[in-house]
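Contents: one structure, followed by commentary.
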Amino acid sequence: MSGRGSWDQYFMDIARQVATRATCDRKHVGAVIVRDKTILSTGYNGSIRGLPHCDDVGHMMENGHCVATVHAEANAIIQAAKNGVGIDGATIYTTASPCWPCFKLIANSGCSRIVYAEFYRDPRIFEHAARIGLELVGLGDAARPPSTGTASTG
């Protein structure tokens, strides 16, 4: 038997490479949209086209978050739309679980599956994914959300 990894691992490795293009140094995230083992679109977190990058001019902070960037998942969906590529029924691979706004975009984009490498911030995505039949898959130990058995001190 060969030492080849799973398809999920293969596309997650590509998402990690895409993340190296991110231009907000607070967090580098990459996303890859795939259907039938074919890459349809990629995205990474970065500034609005034509505006300077956070890495160059600093961050636009609100409530502890940089809001100058467009998130990787949104950029992957936008890139597909810009190029006329349908993503209905696709899987999106993202290096960090989607924030709530990106989760809503993914859910309405027609993607049927989210695979993420690291849990990031928002546990609401699990309940809502289950409610709408959107498959949510975490890869590895970093993908586990924090225990929900105790009150948040957050």
Side-chain angles (χ1 to χ4, degrees), residues 7-36 38-55 58-146 148 152 154:
W7 283 106
D8 282 347
Q9 193 59 57
Y10 172 75
F11 289 118
M12 186 59 68
D13 289 346
I14 294 170
R16 285 189 180 102
Q17 185 62 40
V18 170
T20 68
R21 298 289 306 156
T23 61
C24 181
D25 56 14
R26 288 182 49 84
K27 186 150 187 81
H28 288 201
V29 179
V32 178
I33 300 176
V34 174
R35 188 177 51 235
D36 299 327
T38 301
I39 295 172
L40 303 175
S41 182
T42 65
Y44 52 85
N45 55 317
S47 296
I48 295 169
R49 286 181 192 265
L51 294 182
H53 301 300
C54 296
D55 289 357
H59 303 283
M60 182 187 304
M61 299 299 293
E62 285 182 12
N63 299 319
H65 301 281
C66 178
V67 296
T69 62
V70 179
H71 288 187
E73 304 93 327
N75 269 327
I77 292 166
I78 292 163
Q79 195 65 32
K82 186 174 182 236
N83 291 314
V85 177
I87 58 173
D88 202 42
T91 295
I92 186 166
Y93 293 86
T94 183
T95 57
S97 61
C99 65
W100 182 244
C102 285
F103 175 81
K104 293 185 293 182
L105 290 175
I106 294 165
N108 277 5
S109 75
C111 286
S112 59
R113 192 167 176 258
I114 301 169
V115 179
Y116 66 94
E118 169 196 354
F119 173 73
Y120 182 70
R121 294 187 193 242
D122 205 323
R124 291 178 290 186
I125 65 173
F126 298 99
E127 175 193 344
H128 287 82
R131 287 175 61 190
I132 62 173
L134 179 58
E135 187 180 357
L136 195 53
V137 178
L139 292 182
D141 289 338
R144 292 194 185 115
T148 55
S152 173

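- The nearest pair of heavy atoms linking G89 to S112 is O-OG, 3.2 Å.
- Remark: the backbone N or O of D25 is paired with a side-chain donor or acceptor of D55 at under 3.5 angstrom.
- Q9 is not listed as a side-chain neighbour of Y93, based on a closest heavy-atom distance of 4.5 Å or more.
- Atom NZ of K82 sits about 4.0 Å away from atom CZ of R49, to the nearest 0.5 Å.
- Pairing each heavy atom of C99 with each of H71, the nearest pair is SG-ND1, 3.4 Å.
- Between atom OG1 of residue T42 and atom CD1 of residue I14 there is a gap of 10.0 Å, rounded to the nearest 0.5 Å.
- Considering every non-hydrogen atom in both A74 and C102, the closest pair reads N-SG, 4.3 Å.
- Put simply, CD1 on I33 and CD1 on I92 are 4.5 Å apart, with the number rounded to the nearest 0.5 Å.
- Rounded to the nearest 0.5 Å, atoms CG (L40) and OG1 (T91) are 9.5 Å apart.
- T95 is not listed as a side-chain neighbour of Y120, based on a closest heavy-atom distance of 4.5 Å or more.
- By the 4.5 Å heavy-atom criterion applied to side chains, H59 and T69 are not counted as neighbours.
- Checked against M12 for a side chain to side chain contact (heavy atoms under 4.5 Å, CB included), the options T94, L139, V32 give a single hit: L139.
- Taking CG from N45 and CD from E73, the interatomic distance works out to 8.5 Å, rounded to the nearest 0.5 Å.
- At a threshold of 4.5 Å between non-hydrogen side-chain atoms, the residues S109 and I77 count as touching.
- In this structure the side chain of I125 reaches within 4.5 angstrom of the side chain of P98, judged on heavy atoms.
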Should I87 and C111 be marked as a side chain to side chain contact (heavy atoms under 4.5 Å, CB included) after you check the CA-CA gap, both sets of side-chain angles, and the distance that decides it? CA-CA 6 Å; I87 58 173; C111 286; 4.1 Å; yes

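- Relative orientation of the W7 and F11 rings is parallel, given thresholds of 30° and 60° on the angle between their planes.
- In this structure, the side chain of R21 does not engage the main chain of G46 through any donor-acceptor pair within 3.5 Å.
- Sparse packing is recorded around CE of M60, with 12 or fewer heavy atoms of other residues, nucleotides or ligands lying under 6.0 Å away.
- Atom CZ of R35 sits about 14.5 Å away from atom CZ of R113, to the nearest 0.5 Å.
- Here the closest non-hydrogen pair linking G30 and A19 is N-CB, 3.3 Å.
- More than 12 heavy atoms of other residues, nucleotides or ligands lie within 6.0 Å of CZ in R124, so this atom counts as buried by the packing criterion.
- The closest side-chain heavy-atom distance from R26 to C54 is not below 4.5 Å.
- Annotation: side chain of T20 is not in contact with side chain of Y44 (no heavy-atom distance under 4.5 Å).
- Looking at I48 and V70, their side chains come closer than 4.5 Å, going by heavy atoms from C-beta outward.
- Residue-environment remark: CG (N83) exceeds the threshold of 12 foreign heavy atoms within 6.0 Å.
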